Novice: 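Pasting a structure here, questions to come.
In each ligand, atom 1 is the first atom listed, and ligand 1 is the first ligand listed. Every value quoted in this text rests on a predicted model; they were computed, and no experiment measured them.
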Amino acid sequence: MTTKNLAIATLLYSPDYLPGTFTLGHQLNKLLKEADKEQQISTCLLITKPLFQNVLSDFAREMLSSLYKEIIQIEPLSDNDSIIESNNENLTLLKRPELSFALVKTRLWELTQFDQVLYLDSDTLPLNVDFLNLFSELSEQTKYQLGASPDIGWPDMFNSGMMMLVPDSETAVALQKFVIDEVSIDGADQGILNQFFNEYCRNPKEDSITDSSQREWIKLSFLYNVTTPNHGYQCPPAMKHFGPQIKLIHFIGKNKPWRGGFRNHYSSRWMDTYEEFQGEHDVTNRLSTIRLSDDERASEPQQEIQAEHQEYEKPVESVDQNIKLENYVQEECVEPSTISQKERTQEDNEESAVSFRNSESQSNNTEIQPEEPPVFIPLDFKEWLTTFINKEKDEKDEKEQAVRMPEYNDGANSEMQSVDEEDSLEISEEIQQKEESREEEEEEEEEEEEEEELQDLKEDEELETIEEEQSVEEPESSTTKEEDISDTSCVEVPPAEIVEEKKVISVQQANPEDIETSDVAPTQSEPEIKSQNQNQMPNFKFDWEQSDYLSHVERSFPDNIFEYSVE
Ligand SMILES: O=c1ccn([C@@H]2O[C@H](COP(=O)(O)OP(=O)(O)O[C@H]3O[C@H](CO)[C@@H](O)[C@H](O)[C@H]3O)[C@@H](O)[C@H]2O)c(=O)[nH]1
Ligand SMILES: [Mn+2]
């Protein structure tokens, strides 16, 4: 009997998913060791070439290389731009423009050095060794088959965040041709892969593939890819029943556990694993170069960093024990439609900023400072900026760093390029002027919005008891009272940032003067405004996002991350 070459693979094409990629790699190694399958099953990371070579720091590259046995650098698909263009309409419905590039998952079929591959999104977390049973369950899998669990959004389709596949060059070619010829249902990989492998999604008339009838989706148990959040009406009792059998959890949607936008039993488990990874890989020492602005230094986040350091010195345990599975079943499964988004974010921020780790100090702190929720800092952001992103080029010229990208999706060059310095400065001034006048407009708008929100809040309170009975699709939709709730069952109400003009900004070293000004300017530091800013999560772009593919990737960060200076 010949032994099969098996692999578990994941994908990374932008640095903001690094925390997921690190945590997954760490967890995979831990579980493979526990199952004594380190030698039998390889791990590999598919990473885009420009990201690996030009964007990531040496430290990040080394870290990834130590976590994954193979680092496979991939190129965008040929015709990437036209593919993105043709899928734009459907992707807009999904409201996840950053996923346009996820079609590159079709390159998984090129990994013919392996006989079978288990693909996992970077936002997945295997919970125990049982997920490895997939290899024995599908030991007879053929190249025509794809193993995956149903998607909760449309259960006749599979979710493409966990897939068992048999790499095959012919399939890879056919699939990549299919991507060019067809429009994906969701504008990204999940749609197209379903259209290719899943008979429910095939269009016999338009289907130009010769042997498409042989292709087959093998429906796997949902326990192998339990997606969260899940607001399905069956979720609470099902979670109670099936919860202990879950093998892998998948944090779908825009809010990822490392972004801190939501919190439940599983995001806490993810956070514990992330901390465990950091503790074991000495990431905290790298973080010590972070310098906060004077104002912030005296306040909570700095203490939080110190607390983090102390935390890593002792063995990591599951510290966030106050969020238990039962709580998840009772509170998190059901959409808390009675809480307005604003209140929700405020709550989340208070919880997150106080500390994910220190549950004791959490209650104290929220009691002490109920009026002033501390600034929420996405932990990972500090790492991207200080540790994981190659900042060398930028540091040469501070002015250059202040250059703002001319237009969203502008300058779509096929190669990663650095902006010409002089041009950049001219553009910078021009953009700065535009930005200033837009900021003024935005301030006025914000004031109006504030008034509206106050009104909304009152109405939300009145509606509270009625809404408790109703199931609403997504948190974002719960505040938009103008929308007909019945319409939201399928189509999510656009969050503020989608409607808003796209903001384009480059990451720059925080200018101490700016920080002072912004500290003085009360309009920006009002807790209410901060909370509002976080709700809106505008889309920022980094200087290095000038390559062709990265120009399509939208960013969502809270405004206040730019208040931190970095040495
Ligand atoms: O900016 C990004 C976005 C995605 N990814 C990678 O691509 C994967 C897919 O993106 P993700 O945010 O995980 O998508 P989901 O929220 O899980 O959305 C669903 O829809 C996507 C588009 O069809 C599918 O790729 C997912 O598997 C499916 O679960 C991630 O896990 C990463 O591995 C990046 O590296 N950078
Ligand atoms: Mn995912």
Side-chain angles (χ1 to χ4, degrees), residues 8-25 44-48 50-52 55-56 60 64 68 72 74 76 83-84 87 90-108 119-125 146 148-154 157-163 165 179 183-196 198 201 222 224-230 248-259 261-262 266 270 380 384 388 474 492 539-542 545 547 549-557:
I8 302 175
T10 190
L11 166 71
L12 183 70
Y13 61 82
S14 66
D16 50 334
Y17 276 63
L18 267 173
T21 313
F22 287 152
T23 307
L24 176 62
C44 58
L45 170 67
L46 269 70
I47 185 165
T48 43
L51 175 63
F52 193 72
V55 177
L56 296 186
L64 291 171
Y68 292 89
I72 299 169
I74 52 168
I83 292 170
I84 288 174
N87 284 298
N90 291 349
L91 199 61
T92 306
L93 282 175
L94 193 68
K95 298 187 179 67
R96 301 282 308 279
E98 75 276 20
L99 291 180
S100 61
F101 197 73
L103 284 159
V104 78
K105 270 190 207 175
T106 52
R107 290 218 182 274
L108 285 165
Y119 168 80
L120 300 176
D121 265 3
S122 278
D123 59 348
T124 60
L125 183 72
L146 182 143
S149 309
D151 185 80
I152 49 165
W154 198 263
M157 292 173 73
F158 57 79
N159 180 282
S160 60
M162 183 285 289
M163 299 184 287
L165 61 112
V179 170
V183 174
S184 162
I185 293 172
D186 73 343
D189 63 286
Q190 183 160 305
I192 211 80
L193 290 169
N194 272 278
Q195 286 156 275
F196 193 77
N198 178 357
C201 299
F222 187 63
Y224 283 114
N225 184 5
V226 173
T227 46
T228 182
N230 177 353
L248 180 142
I249 202 91
H250 181 186
F251 302 95
I252 53 164
K254 206 158 191 154
N255 266 331
K256 304 300 182 195
W258 57 90
R259 289 184 183 150
F262 73 102
Y266 293 109
W270 184 92
D380 49 318
W384 305 330
F388 300 124
E474 287 293 328
E492 206 182 301
N539 297 302
F540 295 101
K541 284 171 72 65
F542 293 99
E545 290 189 81
S547 80
Y549 84 85
L550 281 172
S551 67
H552 297 282
V553 180
E554 232 179 65
R555 300 276 148 254
S556 299
F557 301 125

Novice: When you measure from the side chain of T227 to the backbone N and O of H250, does any donor-acceptor pair fall under 3.5 Å?
Specialist: no

Novice: Any heavy atom of M162 closer to ligand 1 than 4.0 angstrom?
Specialist: no

Novice: Between ligand 1 and K254, can you find any atom pair, the residue atom being a heavy atom, that is separated by under 4.0 Å?
Specialist: no

Novice: Within the structure, does N159 bring an N/O atom to less than 3.5 angstrom of an N/O atom in ligand 1?
Specialist: yes

Novice: Suppose I only count heavy atoms of G161 and a 4.0 Å limit; which atoms of ligand 1 are within that range?
Specialist: 27 (O)

Novice: List ligand 1 atoms under 4.0 Å from L12, heavy atoms only on the residue side.
Specialist: 35 (O)

Novice: Only heavy atoms of D189, strictly under 4.0 Å: list the atoms of ligand 1 that pass.
Specialist: 21 (C), 22 (C), 23 (O), 24 (C), 25 (O)

Novice: Using a strict 4.0 Å threshold on nitrogen-to-oxygen distance, state whether D121 and K105 make a salt bridge.
Specialist: yes

Novice: Where the side chain of K256 meets the backbone of F251, is there a donor-acceptor pair that is under 3.5 Å apart?
Specialist: yes

Novice: Which of the atoms in ligand 1, numbered in the order shown and given with their element, are less than 4.0 Å from a heavy-atom of D123?
Specialist: 11 (P), 13 (O), 17 (O), 31 (O)

Novice: Considering only heavy atoms of S14, which atoms of ligand 1 have at least one such atom less than 4.0 Å away?
Specialist: 1 (O), 2 (C), 34 (C), 35 (O), 36 (N)

Novice: My understanding is that we take every heavy atom of each candidate and find the minimum distance to atom 2 (C) of ligand 1. Doing that for F101, Y17, F158, which one comes out nearest?
Specialist: Y17

Novice: Please list, in number order, the atoms of ligand 1 under 4.0 Å from a heavy atom of K105.
Specialist: 24 (C), 25 (O), 26 (C), 27 (O)

Novice: Everything protein-side that's N, O or S and under 2.8 Å from the Mn ion (ligand 2): list it, residue and atom.
Specialist: D121 OD2, D123 OD1, D123 OD2, H250 NE2

Novice: Could you tell me which atoms of ligand 1, counted from 1 in the order shown, lie closer than 4.0 angstrom to a heavy atom of H250?
Specialist: 17 (O), 29 (O)

Novice: Hey, which atoms in ligand 1 end up nearer than 4.0 Å to a heavy atom of D186?
Specialist: 22 (C), 23 (O)

Novice: I want to know if ligand 1 touches G191 in the polar sense, i.e. an N/O pair below 3.5 angstrom.
Specialist: no

